[in-house]
2 protein chains.
Amino acid sequence: MAQIQTLSKNQKIILDIIEKAKEPLKAYSILFNVQKKGIKAPLQVYRALEKLIKLGKIHKVESKNAFVACKSSNCEVSKATAFSICEICEKVTEIANNKLSNFLNSFEDKSGMKYKKYNLEFFGLCKKCKKT
Amino acid sequence: MAQIQTLSKNQKIILDIIEKAKEPLKAYSILFNVQKKGIKAPLQVYRALEKLIKLGKIHKVESKNAFVACKSSNCEVSKATAFSICEICEKVTEIANNKLSNFLNSFEDKSGMKYKKYNLEFFGLCKKCKKT
DNA sequence: TAACAAACGTTATATTATAACAATATGATA
DNA sequence: TATCATATTGTTATAATATAACGTTTGTTA
């Protein structure tokens, strides 16, 4: 709540819409939704999105060019994201799993590269769609 | 080599360019490169890319909207990809690491979802850029 | 209050990707 | 080989996603 005060007007409006959505939202669908609130141009949306991502409030689902609110930690800057995506109904869920995040956060290979950040997207069939 | 014969003319041309490139290529830069070979429209490129991805010959690096040749297995359909991406020089490397792939291929969470496929992108600083 | 950084609004444009349609080539098999 | 199904091609147009460049406003803090 303290942190949310530091968000600007546009940032609040856009975060609010994303938090209320049940699925990832695309930038232009956000734009459409906020036009009644005076946000008229794509750039205004993209700028807010960029800031919200930096703050860890939202994540981008890269394979879908869409944005979801972060549900795991409230005010932390997010460096690591994992999603599960159903290939039929397209439902996207953020995965909060310690075993997974511990493994990936401590992952090292022989390249000598130090990884600070990752994005993982799993694809498969969700419970519902598996039955069909 | 046997497999490559089943590729169509456009598919071969485009795979060839991607294989020779040292970094991931964007669709429109591929288009520019193949115009002398008679491929004139974006769709011709995107169609070939789509097929090559299905065959596992190339992968899409989602965070960069760019395409790289698969270096790990030669003729397998690829369901699982992992890349390391340097945040400074933007170098992209496909990660071939059994520990990682075993872990991810067998990953299950409580959602009841069965994962057939994943895409992982690590971000950090490569050896060279770390020194700077 | 002066000075700086962050956010804003606006127009224009760049970049990435697909729809829709007709024609042609290719491979399997009767 | 004739024929059928399928994949691929070529083409035009357009949709969808994202950023550049400019000047203004607001907020912070020295």
Side-chain angles (χ1 to χ4, degrees), chain A residues 2-18 21 23-68 77 85 90 92 119 121, chain B residues 2-18 21 23-68 77 85 90 92 119 121:
Chain A
Q3 177 102 352
I4 220 168
Q5 303 297 13
T6 75
L7 295 179
S8 74
K9 191 190 59 162
N10 288 0
Q11 289 159 11
K12 276 184 223 169
I13 292 173
I14 284 164
L15 176 57
D16 191 53
I17 289 213
I18 296 175
E23 66 283 314
L25 296 182
K26 304 208 150 213
Y28 277 73
S29 108
I30 293 170
L31 175 58
F32 178 79
N33 272 286
V34 296
Q35 272 170 340
K36 41 195 141 178
K37 298 202 174 164
I39 294 177
K40 291 172 196 156
L43 245 191
Q44 297 176 285
V45 173
Y46 280 104
R47 284 199 281 227
L49 291 173
E50 186 184 16
K51 190 63 192 286
L52 293 168
I53 288 171
K54 262 190 196 143
L55 295 173
K57 297 288 186 192
I58 65 171
H59 307 302
K60 180 171 187 183
V61 183
E62 290 286 354
S63 66
K64 301 173 84 64
N65 297 318
F67 304 85
V68 280
V77 171
I85 303 173
E90 310 235 289
V92 174
N119 178 55
E121 297 178 13
Chain B
Q3 179 102 353
I4 220 168
Q5 302 297 15
T6 76
L7 295 179
S8 74
K9 191 190 59 157
N10 288 1
Q11 289 159 10
K12 275 184 222 168
I13 292 171
I14 283 164
L15 176 57
D16 191 53
I17 289 215
I18 296 175
E23 66 282 313
L25 295 181
K26 305 207 151 212
Y28 276 74
S29 110
I30 293 170
L31 175 59
F32 179 79
N33 273 285
V34 296
Q35 272 170 341
K36 42 194 142 179
K37 299 201 174 167
I39 295 178
K40 291 171 196 157
L43 245 192
Q44 296 176 286
V45 173
Y46 280 104
R47 285 198 281 226
L49 291 173
E50 187 184 16
K51 191 64 192 286
L52 292 169
I53 287 171
K54 261 190 198 145
L55 295 173
K57 297 289 185 189
I58 64 171
H59 305 303
K60 181 171 187 183
V61 183
E62 290 287 356
S63 65
K64 302 174 83 66
N65 295 319
F67 304 85
V68 282
V77 172
I85 303 173
E90 309 234 291
V92 175
N119 177 56
E121 297 180 13

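Fair warning: this is a prediction, and the values are worked out from it, not measured in the lab. Letters go in sequence order (proteins before strands), and every chain restarts at 1.
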Side chains of residues 32-44 of chain B: which donor-acceptor partners sit under 3.5 Å, not counting sequence neighbours?
| residue | atom | partner | partner atom | Å |
| --- | --- | --- | --- | --- |
| B:Asn33 | ND2 | B:Ser29 | O | 2.7 |
| B:Gln44 | OE1 | B:Lys40 | N | 2.8 |
| B:Gln44 | OE1 | B:Ala41 | N | 2.9 |

Can you tell me if [X] touches the phosphate of [N], counting only side-chain N or O atoms and a distance under 4.0 Å to OP1 or OP2?
X       : N      : answer
B:Lys9  : D:dT8  : no
A:Asn10 : C:dC8  : yes
B:Asn65 : C:dA17 : yes
B:Ser8  : D:dA7  : no

Practice item. By nearest nucleotide on DNA chain C, pick out whichever of B:Lys26 and A:Gln11 is the more 5' one. Key: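 Its nucleotide being nearer the 5' end, the pick is A:Gln11.
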**Study point:** Heavy-atom donor-acceptor pair, B:Glu121 side chain to B:Ser63 backbone, under 3.5 Å
**Key:**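 Yes.
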**Study point:** Contacts of A:Glu90 that satisfy salt bridge (Lys or Arg N to Asp or Glu O under 4.0 Å) - sequence neighbours left out
**Key:**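 Testing A:Glu90 for salt bridge (Lys or Arg N to Asp or Glu O under 4.0 Å), a comparison that skips the adjacent residues, returns A:Lys64.
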Review point. Is the shortest heavy-atom distance from the side chain of B:Val68 to the side chain of B:Ile58 under 4.5 Å?
Key: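 Not touching, per the 4.5 Å side-chain cut-off.
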**Study point:** pair A:Leu55-A:Leu7: side-chain heavy atoms closer than 4.5 Å
**Key:**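 Yes. Closest side-chain heavy atoms under 4.5 Å.
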Show each protein N/O and nucleotides 27-30 of chain D N/O combination with a separation under 3.5 Å, one pair to a line.
none

**Study point:** From A:Lys54 atom NZ to A:Glu50 atom CD, the distance as rounded to the nearest 0.5 Å
**Key:**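 Here the rounded value is 5.0 Å.
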Point to revise | Spatial distance of atom CG (A:Leu25) from atom CG (A:Leu31) [nearest 0.5 Å] | key: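 If we round to the nearest 0.5 Å, A:Leu25:CG and A:Leu31:CG are 12.0 Å apart.
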For [X] and [N], give me the distance from atom [atom1] to atom [atom2], rounded to whole Å.
X       : N      : atom1 : atom2 : value
B:Ile13 : D:dT8  : CD1   : P     : 14 Å
B:Glu62 : D:dT17 : CD    : C1'   : 14 Å
B:Lys12 : D:dA7  : NZ    : C1'   : 15 Å
B:Ile53 : C:dA17 : CD1   : C1'   : 12 Å
A:Leu25 : D:dA16 : CG    : P     : 16 Å
A:Leu52 : C:dA6  : CG    : P     : 16 Å

Point to revise | Atom of B:Ile30, atom of B:Ile14 and distance for their closest heavy-atom approach | key: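 Nearest heavy atoms, B:Ile30 then B:Ile14: CG2-CG1, 4.0 Å.
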Check your understanding: Between A:Leu49 and A:Ala27, what is the shortest heavy-atom contact and its length?
Key ->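 So the two residues come closest at CD1-CB, 4.1 Å.
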Practice item. Could you list the residues that satisfy side chain to side chain contact (heavy atoms under 4.5 Å, CB included) with A:Lys60, not counting sequence neighbours? Key: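 A:Lys60 satisfies side chain to side chain contact (heavy atoms under 4.5 Å, CB included) with A:Ile53, A:Glu62, A:Asn65, A:Phe67 once adjacent residues are dropped.
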Exercise for review: Look at the side chain of B:Ala27 and decide which nucleotide, out of C:dC8, C:dA17, D:dT9, has an atom nearest to it.
Suggested key: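 Output: C:dA17.
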Review point. Which nucleotide, D:dT9, C:dA17, C:dG9, lies nearest any side-chain atom of B:Lys60?
Key: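 Within the option list, the nearest is C:dA17.
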Check your understanding: If you fit an axis to the five pairs at each end of the helix from C:dT1-D:dA30 to C:dA30-D:dT1, how big is the angle between those two axes, to 10 degrees?
Key ->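 Taking the rotation axis at each end, their angle is 40°.
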**Study point:** Interface with DNA chain D, restricted to residues 40-50 of chain B and to heavy atoms under 4.0 Å
**Key:**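 When residues 40-50 of chain B is checked for heavy atoms under 4.0 Å from DNA chain D, the hits, listed by number, are B:Lys40, B:Ala41, B:Leu43, B:Gln44, B:Arg47.
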Review point. Is there a donor N/O on one and an acceptor N/O on the other, under 3.5 Å, for the side chain of B:Tyr28 and the base of C:dA17?
Key: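 In this structure, the two groups form a donor-acceptor pair.
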Exercise for review: Go through the steps to decide whether B:Lys12 and B:Asp16 satisfy the test side chain to side chain contact (heavy atoms under 4.5 Å, CB included), and finish with yes or no.
Suggested key: CA-CA 6 Å; B:Lys12 275 184 222 168; B:Asp16 191 53; over 6 Å; no
Review point. Hey, can you pull the residues of residues 29-38 of chain B with a non-hydrogen atom under 4.0 angstrom from DNA chain C?
Key: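 The stretch gives none, as no residue of it lies under 4.0 Å from the strand.
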